[in-house]
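On a predicted model such as this, the values are computed, not experimentally measured, just so you know. In the text below, chain A, chain B and the rest are named by the order of the sequence lines, each starting its count at 1.
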Amino acid sequence: MNKIFEKGGKLYWLHSTIDAFETFLRVPNTVSVKGAHLRDAVDLKRIMIIAVIAVLPAAVFGMWNVGYQHSLALGVGGAHILANFWYGLLKTLPLFVVSYLVGLGIEFASSQIRGEEVNEGYLVSGMLIPLIVPVDVPLWMLAIAVAFSVIFVKEVLGGTGMNIWNPALVARAFLFFSYPNQMSGSEVWIAMRKGETMIDGATGATPITFIGDGIDALTGAGVQYGTSFWTMFWGGIPGSVGETSVIAILLGAAILIFTGVASWKIMASSVAGALFVGFIATATGISDIPCWYHLVMGGFAFGTVFMATDPVTSCQTERGKWIYGFLIGALCIIIRLWNPGYAEGMMLAILLGNTFAPLIDHYVVNGRIARRNKQVKTA
Amino acid sequence: MSALIKLKHGLDIPLAGEAERVVSRLVKPGTAAVCPSDFKGLAPRLLVHEGDHVLAGSPVLADKKNPDILVTAPLSGTVKEIVRGEKRKLLAVLITPDEVQESVDFGHVDVTDAAAVRDLLLKSGLWVSIISRPYGIVADPAVTPKAIFVSLFDTAPLAPDAEFTLGAKTGAMQTAINALSSIAKVHLGICKCQEGGSFAGFENAEYHVFQGKHPAGNVGVQISHIDHIRKGETVWTVSPMLLAAIGTLLGKGKLDLRRRVAICGPAAIEPSYIETWPGMPMSCLAGHIGTQADGVRIISGDVLSGRNAGCEGFLGFFDDQITLVREGREYELFGWLRPFRFNQYSADHTYFNWCLGWLTPKRRYNMDTNLHGGPRAFVMSDSYYAKYLPMDIFPLYLVKACLAGDIDKMEQFGIYEVLPEDLALCEFIDPSKNYIQEIISDGIDLMIKEMA
């Protein structure tokens with residue numbers, strides 16, 4: 001690093017930024033000074049980049065799907081796959097640019113203020129945020145949401161590793177509660193150019209909108225979107241950019257589990273929790289939607305794989321992870337079925353899960369301590 | 001033999017440079033050092049002056065709080081220099097050894113007489129080889145411990161093979177076990193692979209068989225599985241090497257700290273064993289280091305919890321291993337961005353060495369001291385670290401309690417049971433590159449201060 005970026009140099013205010021770019025390209029020459037003399041080759045950059053790679057299939061599919069939904073709405077059934085992708089890319093790229101520019105800008109500035117190196121955490125959050133918002137969300141709203149979440153949910157608490165809630169989800173929640181018109185309904189999920197109108201019989205609503213109306217309304221909703229189980233599984237339906245294709249998300253889940261970056265226990269127990277509540281609902285006649293439909297609808301799969309498993313905001317202990325995942329899955333379906341105001345329960349379920357994670361851990365940890373202390377008395 | 005205790009958690013780091021099982025030479029140092037910093041909890045008071053003549057076993061230092069605790073000279077000779085650092089802190093007493101070695105004769109004691117054994121250990125300077133837990137400090141002679149634990153195997157990277165270094169001293173070790181069992185019950189931890197070996201037949205002690213990766217050989221880990229330390233309890237631990245020294249003292253009446261030391265590590269030329277005394281200067285190792293001496297880190301101990309001695313340093317009192325590793329002061333272009341990094345070792349699954357490990361189980365890595373990343377806040381969850389700590393403890397909770405200086409929480413999360421070395425692997429694998437051992441060590445210091 002040039003001397004002017006060091007402490008006392010003229011451009012010291014750029015120190016963290018320059019350091020971030022430099023360490024991005026090459027591993028620094030620092031050696032261990034205390035403790036273990038050798039260190040594992042892994043660092044947070046590696047772990048975060050694996051998470052970003054895991055999200056890529058969902059992101060690429062999402063871009064194509066934006067174009068595909070647009071073509072369907074216009075009645076152009078046979079549009080070329082690349083044409084659809086190109087349309088989607090142009091529509092979603094600004095979301096990524098805004099998310100990264102605003103988020104990383106704040107991250108770099110905060111790191112400089114704290115005198116620390118830039119943490120890689122936002123590389124993942126910045127990738128996730130565009131994928132969980134409707135494609136037509138106005139960019140200025142996105143910028144405000146990102147700024148709010150990075151500043152108030154992450155930086156004021158001390159940066160990545162110190163936050164209580166998942167920053168990407170808080171950004172979405174901020175949009176959801178501040179600008180409900182742009183975040184729900186049937187107008188926002190399909191990106192239309194000015195002057196274009198949908199053909200008759202097309203609807204912009206996501207399948208999840210019909211949860212309250214039952215399985216018949218769901219399957220009969222919009223024929224051209226084919227809201228059957230398999231269409232929802234492969235993802236050719238309207239929805240937030242990256243959440244629609246369960247196949248692409250499962251690919252990401254495979255990467256995360258293979259590399260050990262995310263906990264398979266949280267994913268498995270979240271699915272179990274959703275199936276459990278969904279089954280009870282159908283068994284008691286509250287809803288006639290089969291419980292496995294919930295797994296492919298809305299943001300459940302995306303949230304389970306990429307958001308609930310965030311190591312900072314999820315449970316710390318292995319037993320806690322089981323409880324935490326189950327709680328999220330169950331809460332998601334409870335909100336979907338019993339709260340007509342919020343069609344999508346996953347966002348709130350994970351944020352609630354984040355809130356309860358320290359409590360769950362507290363009981364797991366104290367349970368073990370109490371068990372050990374009991375051994376004292378018997379021994 | 002008691003039941004087998006299988007430890008699932010842990011990691012054997014495949015580090016290159018294992019010492020060949022031959023004693024290549026006897027190193028009789030030109031200078032031997034007595035360093036008070038080897039003994040945690042000892043406030044040194046100097047008992048000799050420059051120019052004094054000492055015998056092997058003559059007192060050199062005493063503890064200020066408890067003057068009965070002595071540190072004695074490992075070799076007979078003349079006190080050459082007393083090295084002091086900042087604020088006149090005593091760093092080392094340098095002794096020039098005599099050609100013909102003479103030892104203090106401590107006579108014989110009845111090994112069944114606990115008071116006589118204590119007295120002999122104190123007089124001979126071998127008392128400091130007894131480590132007291134919690135906190136890992138020099139034992140207090142006034143205390144009778146709950147039990148005494150000895151781990152007869154070492155699982156640290158490139159650790160010396162105890163069968164090779166001590167196989168000939170089992171008689172002395174038995175004498176020491178007999179003596180220590182007059183003070184408290186002795187527990188021996190052995191490895192599954194040692195069953196039937198030369199350490200399997202000791203009497204007057206209870207055996208516990210362990211199987212697992214490092215840190216299964218750490219005595220702290222073994223204690224937590226045999227009979228964990230509760231608040232207010234004290235246990236003692238002795239390393240097998242010093243157990244043999246205690247036995248020799250009891251048998252022959254002389255202090256004999258001569259030991260086989262493994263010279264190992266990826267930067268070591270002809271890794272093998274030497275015979276020498278504690279306090280040997282590292283300059284004696286020139287033949288193993290080669291010409292690039294400033295590019296090599298000389299560690300007294302193992303790579304996880306040893307001490308960076310440097311070219312000017314000395315072999316520690318408790319160490320029977322010197323590890324030489326290259327200083328990794330280079331930049332690595334696109335390091336973490338490369339899909340594979342075959343030349344770097346990582347236990348994490350984001351690199352794919354773990355798949356390679358199935359294909360080439362004998363692969364050893366030439367690792368260096370590079371941090372491979374920058375310091376960050378803890379991001380990965382507790383269970384990520386717990387995979388490398390086979391104890392009933394939540395490592396990250398303990399570390400965070402230490403960071404916060406919260407005495408109650410540290411107590412609950414198990415500060416009494418651990419020493420920094422037990423969490424060394426957590427530090428090794430930490431992607432956030434925190435100095436976990438230092439955090440634990442500071443936590444222990446705080447406990448000592450607050451609970452005194």
Side-chain angles (χ1 to χ4, degrees), chain A residues 19 22-50 116-121 158-162 257-261 263 265 311-312 314-321 361 364-366 368-369 371-373 375-376 379, chain B residues 13 15 227-228 230 297 299 303-306 308 325 327-337 341 344-351 367-384 386 392 394 396-397 412 420 424 427-433 435-438:
Chain A
D19 177 79
E22 191 179 18
T23 55
F24 192 88
L25 286 178
R26 54 181 194 176
V27 177
N29 63 346
T30 43
V31 294
S32 58
V33 290
K34 296 169 275 197
H37 299 276
L38 303 184
R39 298 305 181 94
D40 197 293
V42 73
D43 63 351
L44 280 185
K45 284 189 174 64
R46 180 73 177 191
I47 289 173
M48 296 299 179
I49 203 74
I50 295 283
E116 290 175 358
E117 294 181 18
V118 178
N119 196 305
E120 295 79 11
T160 306
M162 313 288 186
I257 293 173
F258 179 76
T259 55
V261 169
S263 163
K265 291 175 182 171
V312 176
S314 65
C315 268
Q316 298 279 312
T317 56
E318 290 296 287
R319 186 170 295 182
K321 282 176 183 171
D361 276 333
V364 171
V365 171
N366 278 29
R368 200 196 280 187
I369 291 168
R371 211 168 58 241
R372 281 214 112 183
N373 289 343
Q375 288 173 1
V376 181
Chain B
I13 301 169
L15 181 62
D227 185 8
H228 75 261
R230 290 113 190 170
R297 183 175 297 190
I299 302 161
V303 288
L304 288 177
S305 46
N308 182 359
V325 289
E327 292 282 10
R329 290 201 203 94
E330 302 94 26
Y331 293 94
E332 188 189 1
L333 198 62
F334 301 129
W336 62 277
L337 272 167
R341 253 163 124 188
Q344 307 277 0
Y345 175 73
S346 175
D348 193 85
H349 287 193
T350 53
Y351 290 102
M367 302 168 73
D368 58 42
T369 61
N370 194 293
L371 266 183
H372 303 299
R376 300 284 184 275
F378 287 105
V379 166
M380 300 311 279
S381 59
D382 179 84
S383 49
Y384 186 86
D392 205 3
F394 295 98
L396 207 51
Y397 280 81
Q412 282 178 16
E427 179 170 283
F428 172 79
I429 55 95
D430 182 12
S432 299
K433 311 295 176 190
Y435 288 106
I436 290 178
Q437 289 191 84
E438 187 190 40

Quick check for you: among [options], which has the greatest number of heavy-atom pairs under 4.5 Å with chain B?
| options | answer |
| --- | --- |
| A:Asn29, A:Asp43, A:Thr23 | A:Asn29 |
| A:Gln316, A:Lys45, A:Arg46 | A:Arg46 |
| A:Val118, A:Val365, A:Ile47 | A:Val365 |
| A:Met162, A:Glu120, A:Glu116 | A:Glu120 |
| A:Ile49, A:Val261, A:Thr160 | A:Ile49 |

**Asked** Roughly how far, to the nearest 0.5 Å, is the CD atom of B:Gln412 from the CD1 atom of A:Ile369?
**Response** 4.5 Å
Toward chain A, the part of [X] with a non-hydrogen atom under 4.5 Å:
| X | answer |
| --- | --- |
| B:Val325 | side chain |
| B:Glu332 | both |
| B:Ile13 | neither |
| B:Phe378 | backbone |
| B:Ile299 | side chain |

**Asked** Are any side-chain N or O atoms of A:Thr259 and backbone N or O atoms of B:His349, one a donor and one an acceptor, separated by less than 3.5 Å?
**Response** no
**Message:** Whether the side chain of B:Lys433 engages the backbone of B:Leu371 through a donor-acceptor N/O pair (distance < 3.5 Å, no angle test) should be reported.
**Reply:** yes
Check [X] against [Y] and note the closest heavy-atom contact, atom names and distance.
| X | Y | value |
| --- | --- | --- |
| B:Asp348 | B:Thr350 | OD2-OG1, 2.6 Å |
| B:Met380 | B:Pro431 | CG-CG, 3.8 Å |
| A:Glu117 | B:Gly374 | OE1-CA, 3.5 Å |
| B:Glu427 | A:Lys34 | OE2-O, 4.0 Å |
| B:Glu330 | B:Glu327 | OE2-O, 3.9 Å |

For the candidates [options], which exhibits the highest count of non-hydrogen atom pairs separated by less than 4.5 Å from chain A?
| options | answer |
| --- | --- |
| B:Ile436, B:Ile429, B:Asp430 | B:Ile429 |
| B:His372, B:Arg329, B:Gln344, B:Gln437 | B:His372 |
| B:Asn308, B:Asn370, B:Asp368, B:Leu333 | B:Asn370 |
| B:Ala347, B:Pro420, B:Ala424 | B:Ala347 |

So which part of [X] gets closer than 4.5 Å to some heavy atom of chain B, the side chain, the backbone, both or neither?
| X | value |
| --- | --- |
| A:Ser32 | both |
| A:Val33 | both |
| A:Arg368 | side chain |
| A:Ile50 | side chain |
| A:Leu38 | both |

**Prompt:** Taking the inter-plane angle between the rings of A:Phe24 and B:Trp336 on a 0 to 90° scale, is it parallel (under 30°), tilted (30 to 60°) or perpendicular (over 60°)?
**Reply:** perpendicular
Any luck finding a side-chain donor-acceptor pair between [X] and [Y] under 3.5 Å?
| X | Y | value |
| --- | --- | --- |
| B:Ser383 | A:Lys265 | no |
| B:Tyr351 | A:Asp40 | no |
| A:Thr317 | A:Asp361 | yes |

